[in-house]
2 protein chains.
Amino acid sequence: MKELTIQQKKVLQCIKFYIKKTGFPPTRADICRELGFKSPNAAESHLRALEKKGYITIENGASRGINLTENTAEKSQTIPVIGLVAAGSPTLADENIEKHIPFQESLFLSDFDYFLRVKGLSMKDAGIMEDDLVAIKKTSEVRNGDIVVARIDDEVTLKYFQSSGNQIKLIPANDDFDEIYINKETEGFFIEGKSVGLIREN
Amino acid sequence: MKELTIQQKKVLQCIKFYIKKTGFPPTRADICRELGFKSPNAAESHLRALEKKGYITIENGASRGINLTENTAEKSQTIPVIGLVAAGSPTLADENIEKHIPFQESLFLSDFDYFLRVKGLSMKDAGIMEDDLVAIKKTSEVRNGDIVVARIDDEVTLKYFQSSGNQIKLIPANDDFDEIYINKETEGFFIEGKSVGLIREN
DNA sequence: ATTTATACTGTATATATATTCAGTAAAATT
DNA sequence: AATTTTACTGAATATATATACAGTATAAAT
């Protein structure tokens, strides 16, 4: 990370102190008041310098939209929640992210990358109900019996994984649903990740 | 500290999440967006209620001038995990505590007091499987349909709660198990708390 | 029975705030 | 030597935001 000048350090310090004191970040005018500047542009330019050097992020247009970056302030992480939609990939693309929730990665045995919001009851006998959040670790290394996020073209599903040779079976945990048979080399087929945990908000 | 209503809790939760996510508090409009309100005054009145009850302070005239009170601010807590054993009470007595896990209380809509480690499959159709951790809020105020921790003498179970008059029914979510009928005044019967969430470590 | 609190919609507005533009000047980099 | 970065003042402005006011309706407290 790029070094800060003395003035920039003062501004960063001022932001941290202000947040500690008030609970929310300062405005440009607040920074001027604290540091004796007479023009809001003095603060503005320092902020842009801090942003450029990676110490803060600025949400444009938002008042007090200053956020200390991870290196700058130790924060408890937020994990994205992604909707399980029939069409569209469950990647971390912005349009698929439902929201972020604060969470400790360490809760489950494995680390994980995102939560998948479950739709439907195809895995109900595995205790996975509608609207549950399944913690997904992005990986294509899965074992028989794992609950995996599989993509076939645009369709994304959560199923038990079972492979033998070149043949792959995706097995629902609900008698009302059918098993899916695919070939390992089928175009458009992809294992997005596997379930490593679950949380349910009652 | 005065109790919050469900809506007020949701607003408080929303503020906490927003701060964790963005690093700064939400505007009235942000709260409306998150919770589906159509008027900024909906957020405003809730904020004033939260202020009056001492959960937040508001700096008048300042944008995003919301500050969580000390008691309100999240300390990442550790929450005890208690085994659901056939004999013995699921109280917080040391001998019953399996371990402590770090956890943010704010994850679920309601706060909660401990995790119950589920034994058996009597609630499997409710998506509650063996070894799941059910977040329990200690309370005896439960409603029909709630999943409750009930104690009958030394036996502790997790069941759906259904009462009519003096008669209480404890209903399993599994056809292999029988419903339990009890009288409200039965000696040794006690509602320990209710489920407000669930996590599963795969 | 009356008041107060809860839980909103909808409109309006003063002002708090981010942000751009026009300068000045010294220091650091290329 | 030329350019970029740092470090500001000062003024202007679009818009983000808090907040008041007028309603409606239900639940809880006194």
Side-chain angles (χ1 to χ4, degrees), chain A residues 1-15 17-19 21-69, chain B residues 1-15 17-19 21-68 72 109-110 139 141 143-144:
Chain A
M1 195 126 74
K2 247 192 154 185
E3 267 293 312
L4 294 181
T5 66
I6 293 168
Q7 282 300 89
Q8 288 166 357
K9 269 182 195 165
K10 275 188 190 169
V11 173
L12 186 59
Q13 211 53 33
C14 166
I15 295 168
F17 183 78
Y18 192 99
I19 291 174
K21 201 178 72 183
T22 66
F24 43 87
T27 64
R28 275 60 167 169
D30 290 331
I31 295 170
C32 291
R33 206 171 304 117
E34 296 283 340
L35 298 178
F37 303 151
K38 286 178 184 166
S39 167
N41 190 42
E44 177 73 21
S45 349
H46 280 307
L47 288 176
R48 294 301 166 181
L50 287 170
E51 187 188 31
K52 206 170 170 187
K53 289 185 176 177
Y55 288 79
I56 62 171
T57 59
I58 299 173
E59 187 164 329
N60 293 299
S63 65
R64 303 178 190 271
I66 301 168
N67 190 15
L68 303 173
T69 42
Chain B
M1 196 125 77
K2 244 190 154 183
E3 267 292 315
L4 294 180
T5 66
I6 293 168
Q7 284 301 322
Q8 288 166 358
K9 270 182 195 166
K10 276 188 189 168
V11 173
L12 186 60
Q13 214 69 281
C14 166
I15 296 168
F17 281 157
Y18 193 99
I19 292 174
K21 198 177 78 180
T22 67
F24 44 87
T27 64
R28 276 59 168 171
D30 290 331
I31 295 171
C32 290
R33 205 171 306 117
E34 296 283 340
L35 299 178
F37 301 153
K38 287 181 183 163
S39 167
N41 191 42
E44 177 73 20
S45 352
H46 280 308
L47 288 176
R48 294 301 166 182
L50 286 171
E51 186 188 32
K52 208 171 172 185
K53 289 184 176 176
Y55 288 79
I56 61 172
T57 59
I58 299 173
E59 189 166 327
N60 293 300
S63 66
R64 304 178 189 271
I66 300 168
N67 190 15
L68 301 174
T72 313
L109 283 177
S110 165
T139 177
E141 288 168 36
R143 291 176 194 179
N144 287 345

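Letters A, B, ... are given to chains in the order of the sequence lines, protein chains preceding strands, and every chain is numbered from 1. Excluded from the calculations below are hydrogen atoms, water molecules and symmetry mates; all remaining heavy atoms, backbone and side chain alike, are included. This structure is a prediction, so every number in the text was calculated from the model and none was measured.
Every pair passing ring-ring contact (aromatic ring centres under 6.0 Å, His included) that includes a residue from residues 23-42 of chain A is listed here, sequence neighbours excluded: A:F37-A:H46.
Partners of B:E51 under the side-chain hydrogen bond (donor to acceptor under 3.5 Å, both in side chains) rule, at least two apart in sequence or in another chain, are B:R48. Scanning for salt bridge (charged side-chain N to carboxylate O under 4.0 Å, His left out) contacts around A:K21 gives A:E34, with sequence neighbours left out. Take A:I19 and apply the side chain to side chain contact (heavy atoms under 4.5 Å, CB included) test, not counting sequence neighbours, and it matches A:I15, A:P25, A:L68. Residues meeting the side chain to side chain contact (heavy atoms under 4.5 Å, CB included) test with B:S39, sequence neighbours left out: B:N41. Judged as a salt bridge (charged side-chain N to carboxylate O under 4.0 Å, His left out), and not counting sequence neighbours, B:E59 has no contacts. The salt bridge (charged side-chain N to carboxylate O under 4.0 Å, His left out) search around A:R33 returns A:D30, not counting sequence neighbours.
What separates CG of A:L47 from P of D:dA7 is a distance of 13 Å, to the nearest Å. Atoms CG (A:L4) and C1' (D:dT6) sit 13 Å apart, rounded to a whole Å.
Within residues 29-41 of chain A, the residues having any heavy atom under 4.0 Å from DNA chain C are, by residue number, A:P40, A:N41.
Summary of helix geometry: the two end axes of the helix from C:dA1-D:dT30 to C:dT30-D:dA1, each defined by five base pairs via their C1' atoms, are inclined to each other by 40° (rounded to 10°).
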Report each atom pair, protein N/O against N/O of nucleotides 24-30 of chain D, whose distance is under 3.5 angstrom.
none

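Taking NZ of A:K10 as the reference point, atom CZ of A:F17 lies at 15.0 Å (rounded to 0.5 Å). Note that CG of B:L47 and CD1 of B:I56 are 5.0 Å apart. Values are rounded to the nearest 0.5 Å.
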When you look at A:T57 and A:T69, which way does the side-chain contact (heavy atoms from CB on, under 4.5 Å) test go after all the steps?
CA-CA 7 Å; A:T57 59; A:T69 42; 3.8 Å; yes

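Base engagement by A:E44 is indicated by at least one non-hydrogen atom pair under 4.0 Å involving a base atom. Here A:K10 lies out of heavy-atom contact (under 4.0 Å) with every strand.
Closest of all the heavy-atom pairs between B:R28 and B:A43 is O-CB, 3.6 Å. Between B:E3 and B:K53 the shortest heavy-atom distance is O-NZ, 2.9 Å.
Remark: A:K53 is in phosphate contact with D:dT6, judged by side-chain N or O atoms under 4.0 Å from OP1 or OP2. Neither OP1 nor OP2 of D:dT6 sits under 4.0 Å from any side-chain N or O of A:H46.
Nucleotides of DNA chain C lying under 4.0 Å from heavy atoms of chain A occupy a range whose first and last members, 5' to 3', are C:dT17 to C:dA22.
Between A:R28 and B:I6, the residue whose closest nucleotide on DNA chain C is further toward the 5' end is B:I6. Nearest-nucleotide positions on DNA chain D for A:A49 and A:A42 put A:A49 closer to the 5' end.
Two residues are said to be in side-chain contact when any heavy atoms from C-beta on lie closer than 4.5 Å; A:T22 and B:N67 fail this criterion.
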